[in-house]
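For the numbers below, each heavy atom of this structure counts, side chains included, while hydrogens, waters and symmetry mates do not. The structure displayed is predicted, hence computed values, not measured ones. Counting convention: from 1, in listed order, for ligands and their atoms alike. Index from 1, following the sequence.
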Amino acid sequence: MVTTARTTSQHDRAQPATAASGPARHRPAKAGTFDTLNPATSEPIASFPIFDADMVSETVARAREAAAWWSALSWKERQRRLLAWKSHVTRYIMRLAEQVHQETGKPVPDAELEILLAVVHMDWAAKHARKVLRPRRVRSGLVALNQASTLEYHPLGVVGVIGPWNYPVFTPTGSIVYALAAGNAVVFKPSEFTPAVGEWLVNSFAAVVPEQPVLQLVTGLGETGSHLARSGVDKIAFTGSARTARKVMAACAENLTPMIAECGGKDSLVVSADANLDAAADAAVWGAMSNAGQTCIGIERIYVAQGVYHTFLEKLAERVTSLRPGDDREADYGPMTMPGQIEVVEQHIADALAAGGHAAVGGLGSIRQPYVGPVILTDVPEDSAAVREETFGPTMTVTAVADLDEAVRLANASKYGLGSSVFAKNRRAAMRAARALRSGMTSINSVISFASVPSLPFGGVDESGFGRIHGPDGLREFARAKAITRQRMRPPVNLTSFTRTDADMKKIMTVAAMLHGKRYR
Ligand code: NAD
């Protein structure tokens, strides 16, 4: 890693869109490289190569060889190496957290928490891959009684992982570790905002698995991601915006490369009249403001039962006013990592106010680059950008509703469907609301807890994407199901032969009528 002496302004982090592959948000430091900057200070951190199509192809070719070696290891041998990686990351957590802090600006304790969550998934994937994916006998059914049936899950080969910057450890490892545990090699393209974190992860894996390049790094801007999507890898696990997901999908279509899309969200928290309002306010503030609101499963909309609306709003305001963004150790959250996002936040606040909304806390004055102070918006029309689009800043809209049903209806009137949260004491009502919320994941009486349960799948619906990471579903995403039947004895009637007679057909039709022809009322 080469530290550059060049001074780069904050503006360089937010170059306008120029390339067909997406916004060129980094000016190359010299031909074929780009700088990564500290978002709080705009100081350059390091310079990284921009991988072109040939470099990506060569990396994928090396990954193919590594995949053959990795997939030939036993479950136990892979598990041992993955657990060694987990232990390495845990032991050096402070170094990695410092790197995350440098590149994203998030407070070090938040970075540690993020890494700990990733470690939980490393542990689970390593320990459960065999159980979930090992070959198993399945029942053949009456029609195929003479067959022994086996279901197996084989590795795909090479998986390309394209990551975002907001959780540069937790998010990509959610794909990387499940893909590795399923027996694949991985080529990882981290966000151009967090390549040093990506490099740290790849180097730490190589430190414990030195034999073959099972996990490799390719760095660059969007175009490098596009090369990876076109490189003929066996699957792309993409995390980022829905806008980019569409481009990745188009690139993947060229080779019929399957993909997972983990995209943005506009998550709601709904508060019932019987909810514990202190707990709900506390969770809402964390869900909306931590990481400067730059969380895909962060809370952006709150719907509160009319009867408790004012009390809840007071509790929210109390908690929010004491929050302070900054770069020092006492700061509650950091700067906006991607300067371009500040414009989006500003636009959403301005739109909301112009449409008749009120700022209960903060407002346009909360924007002091590169920081955005906490903002609570009320009375915002449901069709305004602040309610409909992903804001990705420390803001929330708070809206009074008649009851949980109305809250769910408004929460569901969104093109996104990633996470959601319900606060209610009545367990039955809470479960009913959780089921009715059209999102991939819901927490009851807490926020984003589902992300910390490794046996649960993670992913969204609609514009929030498709496919699942984490848990057994996450392991199966990176495997191909293989069906095998072995004939154990000759069938009493051979239906798949030209020697089949009319009498054979008659027998089978009689049996079929008995088994399946019964009337149902
Ligand atoms: P982004 O879409 O700008 O970039 C994501 C990645 O895609 C980066 O590595 C980028 O270099 C790459 N990329 C850009 N153009 C590409 C192209 N044409 N082909 C291939 N790759 C390309 O997103 P971002 O700003 O890095 O991340 C923020 C977004 O990610 C938000 O919308 C957030 O909600 C979402 N996110 C979702 C999850 C989830 O699990 N659902 C997790 C974290 C972040």
N38 side-chain N/O to A40 backbone N/O, donor-acceptor pair under 3.5 Å: yes

Element-labelled atoms of ligand 1 that are located less than 4.0 Å from some non-hydrogen atom of W165: 24 (P), 25 (O), 26 (O), 27 (O)

S191 neighbourhood, listing ligand 1 atoms whose heavy-atom distance to it stays under 4.0 Å: 9 (O)

Residue P190 vicinity, atoms of ligand 1 by number, heavy atom under 4.0 Å: 9 (O)

Test of proximity, S241 against ligand 1: N or O pairs below 3.5 Å: yes

Numbering as shown, the atoms of ligand 1 that approach S226 to under 4.0 Å (heavy-atom distance): 19 (N), 20 (C), 21 (N)

Parallel, tilted or perpendicular, as decided by the 30° and 60° cut-offs, for the rings of F48 and F34: tilted

Name each donor-acceptor pair under 3.5 Å that joins a side chain in residues 448-455 to protein atoms two or more places apart or in another chain, with its distance.
{"from": "S449", "atom 1": "OG", "to": "S446", "atom 2": "OG", "distance (Å)": "2.4"}
{"from": "S452", "atom 1": "OG", "to": "S449", "atom 2": "O", "distance (Å)": "2.7"}

Side chain, backbone, both or neither: the part of C263 lying under 4.0 Å from ligand 1 by heavy atom: backbone

Sub-3.5 Å N/O-N/O distance, K247 and ligand 1: no

Ligand-residue contact atoms, ligand 1 with E192, heavy atoms, under 4.0 Å: 8 (C), 9 (O), 10 (C), 11 (O)

Option whose closest heavy atom lies nearest to atom 39 (C) of ligand 1, chosen from G240, C296, P168: C296

For G222, the ligand 1 atoms whose distance to one of its heavy atoms is below 4.0 Å: 11 (O), 13 (N), 14 (C), 15 (N), 16 (C), 17 (C), 19 (N), 20 (C), 21 (N), 22 (C)

Centroid-centroid under 6.0 Å between F392 and W165 rings: yes

Atom indices of ligand 1 within 4.0 angstrom of N166 heavy atoms, with elements: 43 (C), 44 (C)

Y167, portion touching ligand 1 at heavy-atom distance under 4.0 Å: neither

Nearest option to atom 16 (C) of ligand 1, as decided by whichever heavy atom of V161, T194, T244, I236 sits closest: T244

Pair listing, side-chain hydrogen bond (donor to acceptor under 3.5 Å, both in side chains) test, anchored in residues 109-128, at least two apart: K86-D123, K106-E114, H121-Y178, D123-K127, W124-H128

Under 3.5 Å: N/O of G163 near N/O of ligand 1: yes

Check: L418 main-chain N/O paired with S464 side-chain donor or acceptor under 3.5 Å: yes

Location of contacts on A245 toward ligand 1, heavy atoms closer than 4.0 Å: neither

N-O pairing of E390 and K266 below 4.0 Å: no

Heavy atoms from other residues, nucleotides or ligands near NZ of K415 exceed 12 (cutoff 6.0 Å): yes

Within reach of ligand 1, part of I469 (heavy-atom separation under 4.0 Å): neither

The single option from Q341, H348, Q294 passing side-chain hydrogen bond (donor to acceptor under 3.5 Å, both in side chains) against T391: H348

Location of contacts on E390 toward ligand 1, heavy atoms closer than 4.0 Å: side chain

From CA spacing to verdict: ring pair (Phe, Tyr, Trp, His ring centres under 6.0 Å), H470, F478: CA-CA 11 Å; H470 301 175; F478 298 108; over 10 Å; no

NZ/NE/NH1/NH2 to OD/OE distance under 4.0 Å, R301 and D267: no

Stacked cation flag R468 on F458, 6.0 angstrom / 45 deg: no

Region of T224 that comes within reach of ligand 1 [heavy atoms, distance under 4.0 Å]: neither

E463: which of R438, R243, R246 passes salt bridge (charged side-chain N to carboxylate O under 4.0 Å, His left out): R246

Proximity of T239 to ligand 1 by residue part, where a heavy atom lies under 4.0 Å: both

Part of F193 within contact of ligand 1 (heavy atoms, under 4.0 Å): neither

Within-cut-off N or O pair, S464 and ligand 1, under 3.5 Å: no

Subset of ligand 1 atoms that lie under 4.0 Å from at least one heavy atom of G225: 19 (N), 20 (C), 21 (N)

